[in-house]
There are 4 protein chains.
Amino acid sequence: MTELKGFFFPRTASGQASLIPSPPWYYSGDLLTVEYRTDPARVAELLPAPLELAPEDPGAVALIWADWQSCSASREELLDPVRSQYKECFVVVRCSFRGEVYSRCVYIWVDKDFAIARGMHQGYPKKLGTMWQTRPHAFPHASPVIGPGGQFGATLAAGDRRLADVVLTLREQSDGNGFVNGHPMAHHRIYPDIAGGRDVYSELIRSGGAEFEGGQSWRGDVEVNLYDSPTEELSRLTVDEIIGGYYRQVGVVWNGGTTLERLI
Amino acid sequence: MTELKGFFFPRTASGQASLIPSPPWYYSGDLLTVEYRTDPARVAELLPAPLELAPEDPGAVALIWADWQSCSASREELLDPVRSQYKECFVVVRCSFRGEVYSRCVYIWVDKDFAIARGMHQGYPKKLGTMWQTRPHAFPHASPVIGPGGQFGATLAAGDRRLADVVLTLREQSDGNGFVNGHPMAHHRIYPDIAGGRDVYSELIRSGGAEFEGGQSWRGDVEVNLYDSPTEELSRLTVDEIIGGYYRQVGVVWNGGTTLERLI
Amino acid sequence: MTELKGFFFPRTASGQASLIPSPPWYYSGDLLTVEYRTDPARVAELLPAPLELAPEDPGAVALIWADWQSCSASREELLDPVRSQYKECFVVVRCSFRGEVYSRCVYIWVDKDFAIARGMHQGYPKKLGTMWQTRPHAFPHASPVIGPGGQFGATLAAGDRRLADVVLTLREQSDGNGFVNGHPMAHHRIYPDIAGGRDVYSELIRSGGAEFEGGQSWRGDVEVNLYDSPTEELSRLTVDEIIGGYYRQVGVVWNGGTTLERLI
Amino acid sequence: MTELKGFFFPRTASGQASLIPSPPWYYSGDLLTVEYRTDPARVAELLPAPLELAPEDPGAVALIWADWQSCSASREELLDPVRSQYKECFVVVRCSFRGEVYSRCVYIWVDKDFAIARGMHQGYPKKLGTMWQTRPHAFPHASPVIGPGGQFGATLAAGDRRLADVVLTLREQSDGNGFVNGHPMAHHRIYPDIAGGRDVYSELIRSGGAEFEGGQSWRGDVEVNLYDSPTEELSRLTVDEIIGGYYRQVGVVWNGGTTLERLI
């Protein structure tokens, strides 16, 4: 009998073909974050019981673009960078569970299959999208500076429709790049029954970075546009009040999480 | 408390944003199939216990390209065809479980996220790839005929590497388009533990078309090339002997499966 | 001294690497055409002197999607179909030159580089875009019929923005698939001066199909949406009155054109 | 009569839809360069008369990956970065014309249409490809350092086939990033006759950066693989002897060139 190897599908005798390697997973990237307030009722719509709205500032939303390079412990993906570079845009709200506040990703788009598979594992509801984010560079000929006046744009599209775009103009250094994505994540991991009609597996998990290193954060003025799509609901999280816009470069390690509650 | 809707992630109050709708799922498409024999030991490597090699012709492999249009019962995806058209290439072997012969997809590449999510549900180990397949057309100016002498090419790439290509020259009508993919599918559905190290969910399921309609099959001569890749193992299934090449247009409905054995 | 070969760049000793082969070029494909009237002044904006508006129905516009397979005389591209399949959407108006009526493509988007290069040669102002068009199929499980009630959608996006989408519901057979794209094409071929500021080459050419074969045309009801984009002007050609929607399968050969007037 | 505006096609009354803006064009980017020697006869094959081999080291080749952000004088593209970011890989040799040594790009692949159009103007024989290049980052979690031991991979694919990949391991600072691409470019700008059979426009032009600023160059050890493709000839430039591998960040302005010789 064969014992198959591989962290996720497909599994083979050697594990070589597995779509993703075993954690830990390593990331270096640039984050462009917009935080704003929407109607808390729109956030509540996205929180299944027993999750509740966060007690303070419950309508706060973070809309985050990330331009990543990622790899496994072998670092081999870095030398064949089609396997390590990807972009994403994700939407984070906060929620409360058993008296503790968590962050929760409610929508996320990525542009590589390995990122989708990691999301399936981590409870991020990933779809494919196309994301673009202005890059800083050592030479300013066609690049903003990370500093006062530096302007960064970011766009999100899926299904051949633009879903969001922002322009961030940096103003000053800040203590961090926002608070909405600053808690451990509370995500559902679900698996529909092959027979249909209900889930056959469901759990609420807690996860966060095993290591985190962040550069100087910058804060600035931001313009945000959200656009409708028949297959998306991002635009329901209307931008009622801008909290702030932020830019930060980070290094992260992710190495698993814990089950908060097994539901099925 | 909010009750979230949606067949799969992301789930929302309305379910509108779900990556995939509930089954049944409908398909119209063209299949280019190559069947060949490899070393049965290479097939056995891909069959986890308690699956065993099929008793007859255990080294038979089907390498299949499909050019699909698909939709839900609403058929709305057909009018925004970025949501309904996709291409795939997949590799099927046979296996035996409790005395019955099953087909089993061991590798599969698709080019849309909704197809990946359907595969996660159905136990197809889907990755993203780029597939191309010659199309028949009413006018022969730049198209083969589906008939004697008609030539169809098909290619598969992933990770910016070509993995396979074939040329099929039709010769004559045939009774079907091969036998390797002709059984119910026996697939594993797995979910790694968020804490790492093992699966937290695993089952062996049985699934097949709820409805199937097929046009006239054609058989022909076929040339096959498989290419190595550091992230794939397709080329381990070496082409030792060609069984046949086939072309067929089909209509299919998929509407769930049944659990053969819950493993975890 | 080396004599380089190749119809277009790059040129080499053998010509093998040329982005496009020499004409004739062969095409098999499906055309979804929407014809409508816009303000003739908006058409006139796109006609450089000495072109003038067509004397009759000068505001008529054709918005056409095409799903093509194409090849050279060798037909070798058909067996490596990444080199033969492409999709396009283009906008055609009519104009008058020396008393003769011509068709003229004012905007066009394609999804392959060989199509861009052919457009450079033929005077089609091609950009990259993503186009989707519902396909007919032998089995109706996830496909419309080419017949009464058959519904076809088509979409166009570029720069991560949707530019146009239509839904066509077939009603009855028709004598043809519109009149706007039915004349020889009058296109400019231009080359800006490497020193800047003006063109160094400019001519008005006439071109059309060397051979054409068309299947039964179908006419139907059509809904059209055009969307704004900062890098496009398609939406200036507002849809003031629908003329008709059409579906037709065709085979075409293109084999060069003639110079109407050398301008520079 | 309408006077149409736009640096290149499509031209309209406002020029808004033009695929590319007028020069000057601004670039910030990272260059990974591999220089090697091939058989000078293979270089000579790519030099049309009256170009001749460079008198010294005539078989020297530069294979260069560039990860660019680019914009016009308005800098508006930087805020909608789908319009400013692109990647490319290009192959440069040297040649001699009237006693002066020039660089000459013989093959180049890019991943955006605006880059293709700029190449048509500049005489770069651009095709579409997919390029990946390891990025340096402020945090080393999933990134090399630009310094001793830093490893950078780069890959090139087109037509769903990998054409080249390299791994560069930085060793020490160097005075520059090679010599092959260090001269003014001597490029042909060609336009085939719409009637077929010959060119109707051909000139040899000279072009180079109007401004250039470069960071510290690094030199290292490099491994190179070139792969065959039926539509490419890159692999004819066999790697007979490695000269060096380099990494450098640069800022560039391009603002036109001059005609060396009008040929047709």
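Since this is a predicted model, take the numbers as computed values, not measurements. Chain identifiers are assigned alphabetically (A, B, ...) following the order of the sequence lines, protein sequences preceding nucleic acid strands; residue numbering begins at 1 within each chain.
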Problem - Interchain contact, Thr155(D) with chain A, by part (heavy-atom threshold 4.5 Å) - result: side chain
Handout entry: Nearest atoms (heavy-atom pairs only) where Trp65(A) meets Ala154(A)
Key = CD2-CB, 3.4 Å
Problem - Under-4.0 Å salt bridge between Asp228(D) and Arg162(D) - result: no
Exercise for the section: State whether Arg118(D) and Asp113(D) are salt-bridged, where the test is any N-O pair (Lys NZ or Arg NE/NH1/NH2 against Asp/Glu carboxylate O) under 4.0 Å. Expected result: no
Handout entry: Top contributor to chain D contacts, counting heavy-atom pairs under 4.5 Å, from Tyr27(A), Phe152(A), Trp68(A)
Key = Tyr27(A)
Practice task
Could you check which of Asp165(A), Val167(A), Val250(A) has the highest count of heavy-atom pairs closer than 4.5 Å to chain D?
Solution key: Val250(A)
Handout entry: Side chain / backbone / both / neither for Arg135(D) at chain A, heavy atoms under 4.5 Å
Key = both
Practice task
Search all heavy atoms of Trp109(A) against all heavy atoms of Leu128(A) and return the closest pair with its distance.
Solution key: CD1-O, 3.7 Å
Handout entry: Heavy-atom pair count under 4.5 Å with chain A, highest-scoring of Thr130(D), Val253(D), Asp30(D)
Key = Asp30(D)
Handout entry: N/O donor-acceptor pair under 3.5 Å between Gln216(D) side chain and Ser174(D) backbone
Key = yes
Handout entry: Residue selection (most heavy-atom pairs with chain D, distance under 4.5 Å) from Pro81(A), Ser70(A), Gly215(A)
Key = Pro81(A)
Completion exercise
Max heavy-atom pairs within cutoff under 4.5 Å with chain A, candidates Pro144(D), Gly214(D), Ala157(D), goes to Gly214(D)
Problem - For chain A, the option from Val252(D), Thr134(D), Asp80(D), Leu168(D) that forms the most heavy-atom pairs under 4.5 Å - result: Thr134(D)
Problem - Charged tip of Lys112(A) within 45° of Phe114(A) ring normal and under 6.0 Å - result: no
Completion exercise
Bottom line for Arg83(D): the part with an atom under 4.5 Å from chain A's heavy atoms is neither
Handout entry: Structural part of Glu77(A) lying under 4.5 Å from a heavy atom of chain D
Key = neither
Exercise for the section: Look at Glu232(A) together with Arg161(A) and state whether they make a salt bridge at an N to O cut-off of under 4.0 Å. Expected result: no
